[in-house]
Structure formats: C-alpha cells, structure tokens
Undergrad: 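This is the structure I have questions about; it appears just below.
Whatever order the structure lists ligands and atoms in, that order sets their numbers, starting from 1. Computed from a predicted model, the values in this text were never measured in an experiment.
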Amino acid sequence: MAINTAAPLELTGKHIVLGLSGGIACYKAAELTRALVKAGATVQVVMTEAAEQFITAVTLQALSGRPVFTNQWDSRSAAGMANNMAHINLTREADAVLVAPASADFMAKLLHGRADDLLSLMCLARPLATCPLLLAPAMNREMWAHPATQRNAAQLRADGATLFGPGSGDQACGEVGDGRMLEPEELLDEVIAFFQPKALLGRRLLITAGPTFEPLDPVRGLTNLSSGKMGFAVARAAAEAGAEVTLVAGVVHLPTPRGVRRIDVRTAQQMFDAVMPLAAQNDVFVATAAVADWRPAALSDRKIKKDKNNATPMLNFVENPDILASVAHLPQPPYCVGFAAESHDILVHAREKLVRKNVPLIVANLGPATFGRDDNTLTLVDAQGHRELPRADKLTLARQLVLEVASRLNNKSDPTKLPA
Ligand code: CTP
C-alpha cells in the first residue's frame with residue numbers, strides 16, 4: 001500500500017493514543033498503527049472489549065511496540081505515573097486521541113459522556129485544552145444516515161471533536177454507501193493535516209499545476225518535463241492550512257490531495273478556460289503550471305504520415321494565452337504568485353516576469369534541477385528583494401510558501417514586503 005512518502009517522519013515527536021471500538025474496520029487499524037509509527041509518532045493503543053472481537057491486542061502491540069490497554073481495572077501505569085490510573089495517565093502526555101474505528105455505539109456513548117469502559121472513560125477524562133479528540137466513524141450506511149447518528153456527529157463536532165470521513169463505497173455487509181472508515185493512508189494524511197497551523201482558514205486558493213499538452217495529431221503532441229509535484233504540494237499545504245482549494249491540473253498522474261477540488265485539463269487553452277471564470281472568486285492564485293507558450297497552428301484530425309519523399313513536416317505555431325498575466329490584470333485580481341522555472345540567471349528572469357506579468361510575488365527555481373524530483377530550492381522574489389528557501393522536500397517548501405502567502409494576505413498595509 002502507498003503510504004505518504006512525500007515528507008517522511010511528519011509526526012516525529014507526536015504521541016497518539018489510538019482507540020479502537022468494535023467494528024469490522026478494526027482490521028484497518030493494524031495498517032494505521034504501522035503508518036503512524038512509520039511517520040514518526042509514538043502510538044499507544046487502547047481497545048474496547050468489542051474491538052477485541054475483531055482483532056487481537058497482540059497484533060497491535062507488535063505494530064505499536066507498546067503494551068495495549070483494554071480495561072479500566074488495569075493497574076499498569078502509563079507515562080511513568082505512579083497512580084495506577086490508566087484512564088487518567090494515558091492522555092496526559094498525548095497530543096491527540098484518535099478513535100479509529102469509531103462505531104455508532106461508541107459515538108453515542110461519547111456524546112452522553114458515558115464512561116463504562118477504559119476507552120470512553122479515557123476520552124471523558126482527557127484534558128480538553130491539550131488533547132484533541134479525533135474520530136474516524138465506521139459503520140453501515142443506514143446506521144450512518146440515521147438521524148440519531150447524524151445528530152450525534154453534529155453534537156460531537158460542537159463539543160470540539162474532529163471527524164475524519166467517513167468515506168463512501170463498498171461495505172463489509174455487502175451494501176454500498178457512506179459510512180466506511182477512511183483508508184489508513186487517508187487517515188494518516190488527515191492526522192498530519194490536523195497538526196498544521198490553520199494560516200489560510202476561510203481563504204480560497206486557485207492553483208495551476210503540471211505540464212500542458214498541445215496536440216499535433218491524434219497520437220502526438222508537444223509537452224514538457226514538469227511533473228506537477230510542486231503544484232500538488234502547494235495544493236496539499238494550502239488545504240492543510242484550512243483553505244478551500246481548487247487545483248487545475250495538466251497531464252499529471254499524481255493522486256489528488258485530500259480535500260482539494262481538482263479539474264483536469266490538457267491544453268493551455270483549456271487551462272485558461274478553466275481558470276478565468278474562477279479567478280475572481282479566489283483570494284489567491286498560484287500559477288505553478290509549466291504552460292506551453294505556443295501550440296501548433298493546425299491540429300490534424302488524422303495521424304501525420306511520412307510523405308513519399310520523406311520531407312520533414314513544417315510546423316507553424318500560435319501563441320497561447322498567458323494565464324497568470326490575464327488573471328493578474330483582472331480589475332480586482334486575487335493575490336497572484338507566479339513560478340519561474342529557469343535554466344540560468346534566475347533572479348534576472350524572475351524580476352522581469354514580476355514586472356511583465358504584474359504580480360507581487362514570483363517563486364523562482366532552476367527547472368532542469370527540479371523537474372520530477374521530490375526536493376527543490378526556491379527563491380522568493382518581490383519588488384523589495386529576494387529570499388531563498390533552502391533545499392527541502394517539496395511539501396516542506398510548499399508549507400513555507402503557504403505561510404508566506406498567508407502573512408502577506410494578513411499584512412494588507414504592505415502586501416509585497418518579504419519578511420526578514
Ligand atoms: N504562465 C501562464 N501562462 C502561460 C505561460 C506562463 O500562466 N501561457 C505562468 C506560469 O504558470 C508561471 C509563470 O507564468 O507561473 C512563468 O512561466 P514561464 O514559462 O517561466 O514564463 P514565460 O512567460 O513563459 O516566459 P519564458 O518562457 O520566456 O521564460
């Protein structure tokens with residue numbers, strides 16, 4: 001299974017108490033434990049009696065590397081505490097309690113503050129200020145849709161819990177619908193996102209990513225080496241920061257970051273047509289796409305064949321619209337961030353683009369040194385100067401860029417200034 005490889009050890013230093021209530025989705029908790037540990041977290045598993053019907057404590061003990069707690073009369077003490085009260089001690093050092101799966105019954109119990117087993121007792125006794133409660137509901141679609149469960153979910157949110165999912169699809173019972181627990185890698189992404197600062201809460205971002213493809217005939221076309229990784233990382237980082245994100249993607253074979261709305265396009269013209277109606281509704285436009293500057297003047301509807309004399313075909317081109325410049329010249333443009341992938345003299349070219357495209361911020365990088373790679377070095381260039389973001393994985397850089405953009409949005413008096 002593909003577990004988040006973009007930026008490893010994202011949860012280093014985090015201590016997660018993973019609670020399992022009873023449900024068939026308990027089998028996914030094994031993979032989830034492994035994924036959380038692999039991401040650097042320490043994981044303390046607590047199971048209800050019902051959960052033990054679906055998976056053994058031995059499995060989770062092996063995967064978490066810690067003894068599993070299952071009942072409230074357990075006299076072992078956690079976190080070096082001497083009071084022998086597992087329900088108190090387990091959450092005192094925790095950064096979050098994640099209940100996955102959270103059954104319909106367990107959610108109903110939490111709602112009423114009932115505490116007749118270790119897991120519910122521990123959730124009730126956790127310090128509200130320091131130990132958030134994260135729930136991954138898992139149940140049959142009728143149980144999830146029932147007004148009682150919907151009421152409970154809404155009230156649990158109002159009481160401060162965060163719900164991840166549920167997802168939709170095939171269910172263990174044979175039915176199809178909403179209620180299945182998110183997959184382990186989706187839950188891992190949710191947990192990682194939960195711990196990111198919500199610097200863009202309430203903001204809307206529009207992002208372009210990847211290469212465009214300009215067809216010549218039904219089987220050929222012109223494109224470039226952009227992988228889309230940087231744009232997808234920016235989309236993920238912005239969504240993690242609480243923004244509502246729309247990602248207009250060229251021909252990119254990458255999974256859509258969670259919570260991001262994706263529009264797939266092929267050509268520069270299609271990208272332009274997708275972006276322009278949305279641009280004014282967004283607070284920020286980040287143009288990471290490597291847009292083809294020209295397209296073939298004529299598109300052959302049949303494959304271009306070699307002629308008898310083997311003459312080289314002549315190609316004529318017309319210029320594509322400049323999407324970034326068009327957005328930046330709108331009467332009330334969003335805050336525009338351009339990217340400049342250069343092969344040389346990056347500062348000179350970035351500065352020239354800043355002016356030509358009328359944007360407050362250009363992010364410059366060396367194209368040949370970054371296309372397809374997982375890491376990069378970025379230089380932020382604005383009217384005042386430039387600042388380098390040193391080499392790091394693209395997700396780390398994207399998070400830094402998101403914080404930079406958020407601070408510029410908040411600093412209305414001087415939105416172009418690069419902070420020290
Ligand atoms: N861009 C765009 N639409 C285009 C061309 C570029 O939106 N038709 C955006 C890119 O997404 C990027 C920025 O403009 O954010 C700079 O792109 P780049 O290709 O480096 O600049 P060009 O204007 O094409 O200049 P040149 O090819 O001469 O470097």
Undergrad: Under the 4.0 Å line, does any protein heavy atom show up next to atom 19 (O) of ligand 1?
TA: no
Undergrad: Report yes if some N/O of D293 lies less than 3.5 Å from some N/O of ligand 1; otherwise report no.
TA: yes
Undergrad: Students should be able to answer this: which protein heavy-atom is nearest to atom 17 (O) of ligand 1, and at what distance?
TA: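 Ranked first by proximity to atom 17 (O) of ligand 1 is F339 O, 3.6 Å.
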Undergrad: Any chance you could measure L389, atom CG, to L380, atom CG, to the nearest 0.5 Å?
TA: 4.5 Å
Undergrad: Tell me the protein heavy atom at minimum distance from atom 3 (N) of ligand 1, and give that distance in Å.
TA: I323 N, 3.0 Å
Undergrad: Against ligand 1, does A289 come closer than 4.0 Å with any heavy atom?
TA: yes
Undergrad: Just jot down the salt bridge (Lys or Arg N to Asp or Glu O under 4.0 Å) partners of D264, sequence neighbours excluded, or say none.
TA: R262
Undergrad: Mark yes or no for whether D95, through its side chain, and H15, through its backbone, hold a donor-acceptor pair below 3.5 Å.
TA: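 Confirmed, D95 side chain pairs with H15 backbone.
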Undergrad: Is there a heavy atom in R356 that sits closer than 4.0 Å to ligand 1?
TA: yes
Undergrad: If you measure from CG on N358 to NE2 on H329, what distance do you get to the nearest 0.5 Å?
TA: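 Separation between the atoms: 4.0 Å.
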Undergrad: Hey, which atoms in ligand 1 end up nearer than 4.0 Å to a heavy atom of A287?
TA: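 Answer for ligand 1: 11 (O), 12 (C), 15 (O).
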Undergrad: Answer yes or no: is there an ion pair linking R180 with D170, defined by an N-O contact shorter than 4.0 Å?
TA: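 Judged by the 4.0 Å cut-off on N to carboxylate O distance, R180 and D170 do not form a salt bridge.
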Undergrad: Could you check atom 29 (O) of ligand 1 against the protein and tell me its nearest heavy-atom contact, residue, atom and distance included?
TA: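 I find the closest protein heavy atom is K353 NZ, 2.7 Å.
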Undergrad: Salt-bridge test for E31 and R34: reply yes if a basic N is under 4.0 Å from a carboxylate O, no otherwise.
TA: yes
Undergrad: My understanding is that only residues two or more places apart in sequence, or in another chain, count here; which of them pass side chain to side chain donor-acceptor pair (under 3.5 Å) with E190?
TA: R258
Undergrad: Short list, please: which atoms of ligand 1 are under 4.0 Å from a heavy atom of L324?
TA: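 Checking each atom against L324, I get 2 (C), 7 (O), 9 (C), 13 (C), 14 (O), 15 (O).
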Undergrad: How does P321 reach ligand 1, by side chain, by backbone, by both or by neither, if only non-hydrogen atoms under 4.0 Å count?
TA: backbone
Undergrad: Short list, please: which atoms of ligand 1 are under 4.0 Å from a heavy atom of G338?
TA: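 Selected atoms, number and element: 15 (O).
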Undergrad: If you round to the nearest 0.5 Å, how far is CG of L63 from OG1 of T33?
TA: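 Answer for the OG1-CG pair, T33 versus L63, is 6.0 Å.
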Undergrad: Which bit of K357 is near ligand 1, meaning a heavy atom under 4.0 Å away: side chain, backbone, both or neither?
TA: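 Looking at K357 and ligand 1, just side chain atoms fall under 4.0 Å.
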